[in-house]
Amino acid sequence: MATHELADAGRPASAAEAELRRREHQQWLVAELGRAALTGTPLAQLVADAMAAVGEGLGADRVAVFEPLADGEALGPTITFGRAGETRIPLDSDSPVARTFREQKSAILGKVAAAPVRGEGGLVGVLAAGGSAPFNDDDVLFLRCVANLIAAVRGRDTAEDLRRRSEEALGFLAEAGHLLAASLDYDVTLTTLADLVVPRVADWCIVDLAEEDGAMRRVAVRAADPRKQTLLDVLHREYPPVVGSGQPAGQALATGRAAHFPEFTPDSLRATTLDDRHFELMSELDPRSAVAVPLVAQGRILGALTFAWSESGRRYEVSDTMLAEELARRAALAIDNARLYRSESSARSASEEAGRRIGFLIEASDVLVSSLDYDETLSALARLAVPRLADWCVIYIVGPGGTIERRAVEHAGGRQDAVREILESHPLQPDATVGVPAVIRTGKSELSEQASPLSTAADVAAPEALAGALGEVEVRSTMCVPLVARRRTLGAILFLSSESHRVFTTDDLRLAEELAARAAVAVDNSRLFNEAEQRAEAAEALDAIADGVFLVDAHGTIRIWNTAAEAITGLAAGAVRGRPTSTVFDEWEPIAAVTGATPRTVPVTIDSRELWLSISGVPSSDGTAYAFRDVTEDRHLDRLKSEFVSTVSHELRTPLAAVYGAAITLAERDFAGREEIRAALVAQIAEQAERLSAIVDDILFVGRLEAGGLRLETAAVDAGAVAHAAVEAAQMRVGEGASLQLHVAAGLPTIESDAGRLRQVLDNLLDNAIKYSPNGGPVELRVDADDRCIRFAVTDHGVGIPATELSRIFEKFYRLDPHQTRGVSGSGLGLYVCRELVERMDGRIFVSSIPGHGSTFTIELPRR
Ligand code: ADP
């Protein structure tokens with residue numbers, strides 16, 4: 001990674017400037033990593049770069065990604081950078097890494113900072129950094145950005161992996177398709193198939209076929225391990241599959257569906273056996289995972305394929321059962337071809353024709369598996385059919401929303417382009433009771449031995465016009481067959497005979513149906529492939545956007561839940577997908593009422609946490625897609641701001657009323673002689689004006705802080721002297737009424753800081769201590785030091801602060817008692833200013849308190 005020049009590195013910088021530069025540098029590092037991720041840098045390299053970037057951006061000397069260890073009870077480092085750190089962190093320990101993992105929130109504990117790394121199904125690990133100086137909130141933000149980047153790139157890699165696997169599977173299927181089409185002797189074919197399968201998709205594989213009399217015959221048994229091959233042969237002799245038994249093949253044969261055994265246990269294995277000896281044999285064969293699929297052609301179950309993973313320890317996922325089913329579909333078609341051939345060839349006169357047909361089908365199978373491009377497959381198919389089967393071939397596909405599209409037109413005489421143009425202006429009537437729409441609707445073929453142009457055009461709005469336009473095409477005979485795969489009709493093929501004067505027969509129709517069955521599988525394959533690809537791309541895009549996105553289907557079930565939705569709600573996708581909305585959101589009605597692209601802000605309760613979401617919901621064909629962002633913080637700030645406005649107006653009005661009253665009295669004519677009252681009124685005006693300007697100063701000061709216009713004037717500071725002056729001034733402000741005590745440890749070092757700002761913070765804390773001690777009680781300022789920092793602690797014995805509010809009192813505008821029911825006035829800005837100043841001095845401020853007994857505010861500034 002390139003290096004980033006720090007501006008003016010030679011000039012000594014103030015702490016604030018240094019902080020700003022550090023932040024700038026961190027932002028630059030994140031941008032660089034983002035760029036690397038976008039240019040497809042491999043995951044391992046990117047993670048290594050990310051670790052180095054964290055080291056550099058935080059000045060950390062050790063950085064690591066922690067992931068759950070195999071025992072599930074602790075976390076261990078999987079990728080590390082810099083000095084070695086801990087190797088085992090129990091999940092229930094107090095370490096910030098364990099805490100981040102448990103609470104799924106970034107954590108910071110002095111010199112260690114940690115951020116969660118999320119994956120598709122929830123948290124996958126924790127990115128942690130350790131250094132020699134304490135980290136601040138900005139550092140954690142930086143760490144979180146890097147963790148999110150790592151998560152996004154891991155997600156990208158998983159999607160890539162999925163795509164690669166589906167490509168591999170399709171490649172395998174294509175290879176199997178060729179193999180199955182290569183011979184008409186199906187015993188040979190199936191044995192070769194078993195050879196292809198082992199060891200690529202199974203450690204052993206069995207092919208069983210049903211004989212005409214219903215008995216089962218084992219056609220092929222193949223094992224990668226020769227010892228198992230012998231065992232399988234014994235099994236073959238003694239335990240042929242019994243339809244309806246617990247045996248995997250027995251189940252597949254009985255149900256006509258795949259029987260999937262993701263992982264065998266001794267008990268589940270026993271359930272697949274017929275007796276003790278069978279169980280012993282199977283235990284020796286030791287299958288870890290298995291899948292059995294039926295061989296189905298023309299609605300008949302011809303047999304079953306059984307695959308098992310054993311010594312390789314792999315397991316079958318649901319996607320593997322789909323691959324197995326597909327393989328079985330192709331094998332069944334091949335067996336059916338061969339049987340068709342056998343029965344046809346029994347009639348001598350028909351044998352030549354049958355051979356020609358089968359040859360044609362085999363050629364078609366080859367063409368169909370040669371490409372995964374949808375349109376290319378369809379055009380190749382149409383070209384194959386013409387002129388061997390018909391003079392014209394038109395292929396129709398059902399598009400989105402049920403529209404019927406013409407996808408390929410082919411003519412033996414090369415006139416397809418002219419006719420395609422004519423057909424374009426005559427869309428099909430989807431509800432026509434004859435022709436292509438009817439075939440698609442019913443799934444039944446149509447044969448019209450004697451057809452005419454008019455009868456062929458009966459499924460468009462203006463049949464005469466179309467028949468007229470097609471005048472030169474003298475239609476003689478037509479056949480229309482549906483394209484059916486996985487029980488869904490994908491489209492239809494229309495064959496026309498014209499100049500050849502051929503009259504289609506039921507044999508022709510049968511061949512056309514055979515062709516359509518194979519074409520449908522190919523079309524379905526390329527669709528599945530495209531969908532898998534699109535889905536992988538969409539998932540990647542969804543996870544890259546910052547808005548939470550979820551999809552609710554027509555039944556009210558959540559289908560999609562992206563990474564941002566996980567981050568905002570704290571609910572992992574795995575825990576939400578497939579669940580009804582009402583079990584995820586305590587109240588679903590307010591969200592259901594949101595329709596349209598304009599976001600509305602609604603309160604929702606998730607896991608008893610109240611959130612305000614700005615949400616929009618757009619209906620789609622799959623349900624309603626919702627996009628949302630978390631505006632809880634904004635709502636909170638808005639409320640505080642309006643409270644602040646009312647507090648400040650009250651604060652301003654009280655002194656203004658006093659000034660006004662005094663001024664009116666002074667202006668009265670007969671006032672001249674009463675000197676002592678005049679002096680008192682003038683003093684009152686001065687005092688109230690001071691109070692007014694103090695409030696205005698506070699507000700202006702906050703403005704300056706936020707505009708970045710505040711520069712610290714750093715110099716050597718005598719902490720004891722500043723504390724002494726602060727206590728003295730506070731005593732002057734409150735008079736003899738309050739007891740103020742100062743304890744300064746002996747031998748304090750001087751520190752590099754801004755004396756004026758330090759004094760401002762101490763004044764504020766002392767004033768608060770007095771203000772929130774309505775019954776008096778001593779207020780104490782203690783100053784001491786250790787080898788790391790110098791510490792100021794202001795302790796009072798006043799009203800105290802409830803534990804739940806401790807973290808909030810430093811927020812801007814925050815007041816515990818905004819409506820001043822206790823009569824103590826204030827703007828809610830004092831502690832915010834204190835915290836901002838202390839952090840700019842590289843220190844920290846915190847509070848401990850017991851309600852009713854008092855509070856201690858502590859500031860720690862680093863010794864340097
Ligand atoms: P304010 O102007 O309201 O005093 P601050 O920002 O200084 O604003 O304090 C925020 C809130 O914190 C106060 O409204 C008060 O409720 C609480 N607080 C601050 N200091 C003390 C203290 N020493 N004892 C009890 N409560 C305190």
Side-chain angles (χ1 to χ4, degrees), residues 636-637 639-655 690-706 723 726-727 730-731 733-734 737-742 757-782 792-840 844-859:
H636 175 61
L637 206 63
R639 214 191 58 234
L640 285 181
K641 261 190 206 150
S642 59
E643 274 172 16
F644 169 73
V645 170
S646 79
T647 313
V648 165
S649 342
H650 181 269
E651 283 285 282
L652 293 175
R653 205 174 294 129
T654 318
E690 213 169 277
R691 191 169 154 198
L692 272 176
S693 85
I695 296 170
V696 173
D697 280 353
D698 263 0
I699 297 171
L700 291 178
F701 190 76
V702 167
R704 245 177 93 196
L705 266 180
E706 295 193 339
V727 169
Q731 191 74 64
R733 283 198 293 281
V734 292
S739 140
L740 288 169
Q741 294 164 11
L742 174 67
R757 296 302 168 204
L758 174 59
R759 171 68 193 278
Q760 186 180 351
V761 173
L762 291 178
D763 283 353
N764 227 319
L765 294 182
L766 287 168
D767 282 351
N768 273 355
I770 297 163
K771 201 159 78 168
Y772 294 106
S773 301
N775 303 323
V779 168
E780 179 188 276
L781 170 56
R782 229 169 230 288
F792 302 80
V794 178
T795 302
D796 65 52
H797 297 85
V799 295
I801 304 156
T804 49
E805 308 301 313
L806 286 179
S807 61
R808 314 207 48 188
I809 53 172
F810 295 100
E811 285 173 21
K812 188 163 52 171
F813 306 138
Y814 188 79
R815 302 204 70 226
L816 214 58
D817 177 20
H819 307 298
Q820 303 184 16
T821 46
R822 293 186 183 176
V824 182
S825 63
S827 61
L829 292 174
L831 288 179
Y832 169 71
V833 168
C834 287
R835 189 191 66 188
E836 291 294 308
L837 288 177
V838 170
E839 284 183 355
R840 278 168 172 71
R844 63 183 196 122
I845 179 166
F846 51 92
V847 58
S848 64
S849 179
I850 301 174
H853 289 87
S855 318
T856 297
F857 284 82
T858 308
I859 310 167

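Counting starts at 1 for both ligands and their atoms, following the listed order.
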Is a side-chain N or O of Arg757 found less than 3.5 angstrom from the main chain of Arg840, in a donor-acceptor match?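 Here the side-chain-to-backbone pair does not exist.
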What protein heavy atom sits nearest atom 23 (N) of ligand 1, and how far off is it?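 Minimum-distance protein heavy atom for atom 23 (N) of ligand 1 reads Asp796 OD2, 2.8 Å.
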One residue to check: Ile801. Relative to ligand 1, which of side chain, backbone, both or neither has a non-hydrogen atom less than 4.0 Å away?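 For Ile801, only side-chain atoms sit under 4.0 Å from ligand 1.
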Which part of Phe857 is near ligand 1, with near meaning a heavy atom under 4.0 Å away: side chain, backbone, both or neither?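 The side chain, only.
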Do any nitrogen or oxygen atoms of Tyr832 come within less than 3.5 Å of a nitrogen or oxygen of ligand 1?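 By distance alone, the answer is no.
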Backbone or side chain, does any N or O of Leu831 fall under 3.5 Å from an N or O of ligand 1?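 In this structure, Leu831 places an N or O atom under 3.5 Å from an N or O of ligand 1.
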At a 4.0 Å threshold, what atoms of ligand 1 neighbour a non-hydrogen atom of [X]?
| X | answer |
| --- | --- |
| Tyr814 | 10 (C), 11 (C) |
| Lys771 | 1 (P), 2 (O), 4 (O) |
| Gly830 | 5 (P), 6 (O), 7 (O) |

Should Asn768 and Lys771 count as side-chain neighbours, where that means a heavy-atom distance under 4.5 Å?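 Yes; the side chains approach each other to less than 4.5 Å.
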Measuring from Asp697:CG to Glu690:CD, what's the distance to the nearest 0.5 Å?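 Spacing of CG (Asp697) from CD (Glu690) equals 10.0 Å.
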Take Val838 and Phe810 through the test side-chain contact (heavy atoms from CB on, under 4.5 Å) and record every step on the way to the result. CA-CA 12 Å; Val838 170; Phe810 295 100; over 6 Å; no
If hydrogens are left out, which of Gly828, Pro851, Gly800, Ala769 has an atom nearest to atom 1 (P) of ligand 1, that is, the closest non-hydrogen atom?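 Checking each option, the heavy atom nearest atom 1 (P) of ligand 1 is found in Gly828.
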